[in-house]
Amino acid sequence: MAKDALLDDLNAQQREAVLHCDGPLLVLAGAGSGKTRMITRKYAYLAKKKKIPLNSIFAVTFTNKAAQEMKERIAPFVDHDTKNLWLGTFHSQCARILRREIGILGYKGDFTVYDDDDQNSLIRHILRELNIYEALYKGVVSRISILKSHIISPEEFLAKGDGFSFDEKLGRAYLKYQHELKRCNALDFDDLIMLAVKLFEENPKILKKYAHGFSYLLVDEFQDTNRAQYRLMQLLASDHHCISVVGDDDQSIYYFRGADVGNILNFERDFPKAKIIKLEQNYRSTQKILDVSGCVIARNENRRGKKLWTDRGRGDAVTYSHLPNEEEEAKQLARTIKDLYLKGRFEYNDIAVLYRINLQARAVEDALREERIPYQVISGISFYQRREIKDVVSYMRLISNLEDNVSLRRIINSPPRGIGASTIGKIEQEAKKQGASMFRAMKSMLKAQNLAASFKEKISEFVSLIESLTRTQYKTAADMLKDVVEKSEYLNDLEEDRIQNILELVSSAESVQPRDFLDRAALASASDSVNAAKSVSLLTLHSAKGLEFPAVFIVGLEEGILPYFKAMDVPREVEEERRLFYVGMTRAKDQLFLSSVRRRRLYSKIQEQEPSRFLKDIPREHCNWIERNIERTGAASIAAKPVPMQPKSLYIVGCRVKHPSWGIGVVRDCSGEGDDTKITVNFPGVGLKRLAVKLANLERI
DNA sequence: CGAATTGAGTTTTTT
DNA sequence: ACTCAATTCG
């Protein structure tokens, strides 16, 4: 019975992938091929049939959200609480291991996790100290991140030293950065992976404990792993080689942050007896969508090659429009969306608009607002990155780790306490002299004789604030937060919406232990609101990964946008841009609309645009081509052409009607004339109804 | 120390 | 065009 539920609704390849448990396995899972279903079933199968204890399965996902979803889908199959499974992102799994084992590397188990923001401010601080031009910090941060994802320590990097000036500076900054992190008892995201690898490589006994303890390993979104993550899995698999990795080389779109498609392309080299299974049946899209996207991705050199198919039928044609400018593009898009909605085939939340760069959302937003179409922009800024949230979280971090100088610097003067750069400078000097944390230095400075009273007063106030907060043992993070907010008077003079955010944070912290809460704040993001409201989703091609929508629009298919101009001349990056386009197209279930424009305003310059090179790979017969030329025809004819004729009827699209039994509804579509008029009406709570006006006894309101 | 003005840069983003 | 951050002035 359990077996039936586990395997029955899987296709042959999915089943084979679930059943292959005795050696390395690489599953090449095409877009929409039921990958998540297969993985969750495999997890359940290992536990139920292979009798592997749940805490001996080590499973990695790409995001926390994916981990959460997987837990929910596993729950029905296992009679066990899924909360504490070894199932999470690389970062959270590594953090969990390091909390226990990091002592041997000279850190403390109560380390703080630094996010991007903290990383940036620490690097900038270091560049200032080393007299390196501070504006270079972005490059430095990303180079360091790449070094870490390749498991190259500062010492190794300096030793290799080509000695050229920038690399030499970079090396010194990296060395100091690692030193400062340690001094703050903090790890950045890349450290979590790198130090876990280091831990295992330098301590065979510990490795043995974990490699043996985890008797099966599962990795999802394998195409997005970086070298350090791959190395970690190799180490954990060194004992038994029971590892399944699942991914799609065609959907690798994170090279820019260290993901290495090589991991998927070379898996067999490192695991010679690996079994390879391709999942090629697509359950998401129509054949026409698969044809079009397949033609585009087929042109990439570096891929393993898959041929997706579906039994969903041909479906509607893919539409491509070439338009005069981005305003026209957005207008037409808004009209088409309205049309789809009024015809009753799609709700607004069935529809997504995808673009390469966030600023493209602007024109689309304007047009949707104009047409009164509800929409939501899914943007990258997460809740935890907002200033007020980071501030109060920094208080909590400082309280739980007094060595955290980065958090201290962040909050020492917010809310304003009259402690400015010069005061902070003095504290830093003193801390350096003593080889202690800044907080400790502040305390000792209070005892010194030679300092101004006003200076001491300000310092003393801050020190006693923090000390009063450290005295309490907080049961929950919410208690701690409330106390922080109250004693620091953080809410004074704060804008109302920011206060609301903080209240939201407090309520999310109820019944969470402070330590867990801080880890979550660092390792969590908040992009799970897609499809929540009944509105059109606007998002980048990157953030569309893993999602699906009945109708998808991809805008701005032009040279310079997709492929983006910075990637245009680098073949490897052009391949990634092509994959990005592919990911976008394969999000669509039923309808796909592509568009490009002739002229576009980008950073205040008006540019003549060429259609994207990727469009040339779509055979004309696969797709509806609509070109609208503005040059000679003029504006009037353009407005007239695409708007469908409105039947001259009592009932027009958008008006409200009353039906004797279904109540009040909104007319979404209208066809025929006179006595033959038929309308589609959406009655809330009842659904869509197609009615002949003559027979239906309707009343117009 | 804090507010106002001037100036450079401008993808994609999860942890 | 617009944002974010650094510099300058009160």
Side-chain angles (χ1 to χ4, degrees), chain A residues 60-67 88-95 113-121 124 128 133-139 141-142 145 148-149 187-194 196 221 224-226 228-229 252-259 354-363 378-382 384-385 387 412-425 454-455 458 519-528 539-546 556 560-568 570 573 576-577 579-581 583-584 601-606:
Chain A
V60 190
T61 57
F62 189 59
T63 63
N64 288 304
K65 192 183 158 199
T89 61
F90 270 105
H91 299 269
S92 60
Q93 302 274 58
C94 287
V113 177
Y114 277 178
D115 66 15
D116 281 0
D117 233 40
D118 307 314
Q119 198 181 358
N120 285 341
S121 62
R124 296 178 68 165
R128 228 174 294 148
Y133 183 47
E134 195 184 330
L136 297 172
Y137 77 93
K138 278 188 181 164
V141 168
S142 79
S145 175
K148 289 186 174 184
S149 70
L187 271 61
D188 69 15
F189 290 141
D190 299 308
D191 280 341
L192 289 170
I193 317 291
M194 182 175 78
E221 304 282 12
D224 290 317
T225 51
N226 64 33
Q229 291 164 336
S252 168
I253 53 174
Y254 285 108
Y255 171 73
F256 71 91
R257 61 180 213 222
L354 312 183
Y355 36 79
R356 175 67 236 262
I357 52 181
N358 280 307
L359 61 86
Q360 290 176 265
R362 189 73 171 279
I378 316 286
S379 100
I381 307 140
S382 96
Y384 289 102
Q385 281 170 358
R387 195 180 73 211
I412 193 166
N413 202 33
S414 54
R417 302 185 174 83
I419 303 179
S422 64
T423 311
I424 296 173
S454 67
F455 176 93
K458 288 184 231 165
D519 275 356
R520 198 174 73 191
L523 295 173
S525 79
S527 63
D528 13 39
L539 60 168
T540 62
L541 289 162
H542 282 93
S543 23
K545 197 183 87 165
I561 300 286
L562 191 75
Y564 193 68
F565 70 91
K566 288 199 178 166
M568 278 195 316
V570 189
E573 293 186 30
E576 180 144 315
E577 299 285 309
R579 291 192 291 264
L580 202 45
F581 184 29
V583 167
R601 190 147 76 206
L602 196 60
Y603 310 127
S604 85
K605 286 190 292 285
I606 292 177

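Note on naming: letters A, B, ... go to the chains in the order of the sequence lines (proteins, then strands), and numbering restarts at 1 for each one. Values reported hereafter were calculated over all heavy atoms of this structure, with side chains retained and with hydrogens, waters and symmetry mates removed.
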Do A:Q93 side-chain atoms and A:F90 backbone N/O form a donor-acceptor pair below 3.5 Å?
no

By the 4.0 Å heavy-atom rule, please label A:F565 as base, sugar-phosphate, or nothing.
nothing

Any chance you could measure A:N226, atom CG, to A:D190, atom CG, to the nearest 0.5 Å?
7.5 Å

Expected rows: protein N/O vs nucleotides 8-11 of chain B N/O, under 3.5 Å:
from   : atom 1 : to     : atom 2 : distance (Å)
B:dT11 : O2     : A:R356 : NH1    : 3.3
B:dT11 : O2     : A:R356 : NH2    : 2.5

Of the listed C:dC2, B:dG2, B:dT13, the closest approach to the A:N413 side chain comes from B:dG2

Separation of B:dT13 P from A:Q119 CD (nearest whole Å)
17 Å

Aromatic ring pairing A:H91/A:F189, orientation class (parallel under 30°, perpendicular over 60°, tilted between)
perpendicular

Verify the contact: side-chain N or O of A:S92 to OP1 or OP2 of B:dT15, cut-off strictly under 4.0 Å; return yes or no.
no

Measure CG/A:L539 against C1'/B:dT12 and give the value in whole Å, please.
12 Å

In whole angstroms, the gap separating C1' of B:dT15 from NZ of A:K545 amounts to 13 Å

Kindly check if the number of other-residue, nucleotide or ligand heavy atoms within 6.0 Å of OH (A:Y255) is above 12?
no

What is the distance, to the nearest angstrom, from the CZ atom on A:F62 to the C1' atom on B:dT13?
8 Å

Checking contacts here: which listed nucleotide (B:dT13, B:dT15, C:dC2) is nearest the side-chain heavy atoms of A:Y254?
B:dT13

Under-3.5 Å donor-acceptor pair between A:R257 side chain and B:dT14 base
yes

Can you tell me if the side-chain N/O atoms of A:T89 get under 4.0 Å from OP1 or OP2 in B:dT14?
no

May I ask you to decide if the ring planes of A:Y254 and A:H542 are parallel, tilted or perpendicular, using 30° and 60° as cut-offs?
tilted

Hey, does A:I419 reach any base, or is it just sugar-phosphate, or nothing, if we go heavy atoms under 4.0 Å?
sugar-phosphate

Is it the case that A:S145 and A:S142 place a side-chain donor and acceptor less than 3.5 Å from each other?
no

Take the protein atom NE2 of A:H91 and the nucleotide atom C1' of B:dT15, then report the distance between them rounded to whole Å.
4 Å

Mind checking the C1' distance from C:dA5 to B:dT12? Whole angstroms is fine.
23 Å

Going from CD1 on A:I357 to CZ on A:F565, what distance comes out if it is rounded to the nearest 0.5 angstrom?
8.0 Å

Nearest whole angstrom, please: distance from the P of B:dT14 to the CG of A:D519.
19 Å

Minimum-distance nucleotide (side-chain atoms of A:D116 versus B:dT12, B:dT15, C:dC2):
B:dT15

Using 0.5 Å steps for rounding, measure from the NZ atom of A:K458 to the CG atom of A:N413.
9.0 Å

Would you indicate what A:F90 reaches in the nucleic acid, counting non-hydrogen atoms under 4.0 angstrom: base, sugar-phosphate, or nothing?
nothing

Whole-Å distance separating the OH atom of A:Y137 from the P atom of C:dC4:
11 Å

Between A:L580 and A:D190, which is nearer to the 5' end of DNA chain B once each is assigned its nearest nucleotide?
A:L580

To the nearest angstrom, how far is A:I253 atom CD1 from B:dT14 atom P?
10 Å

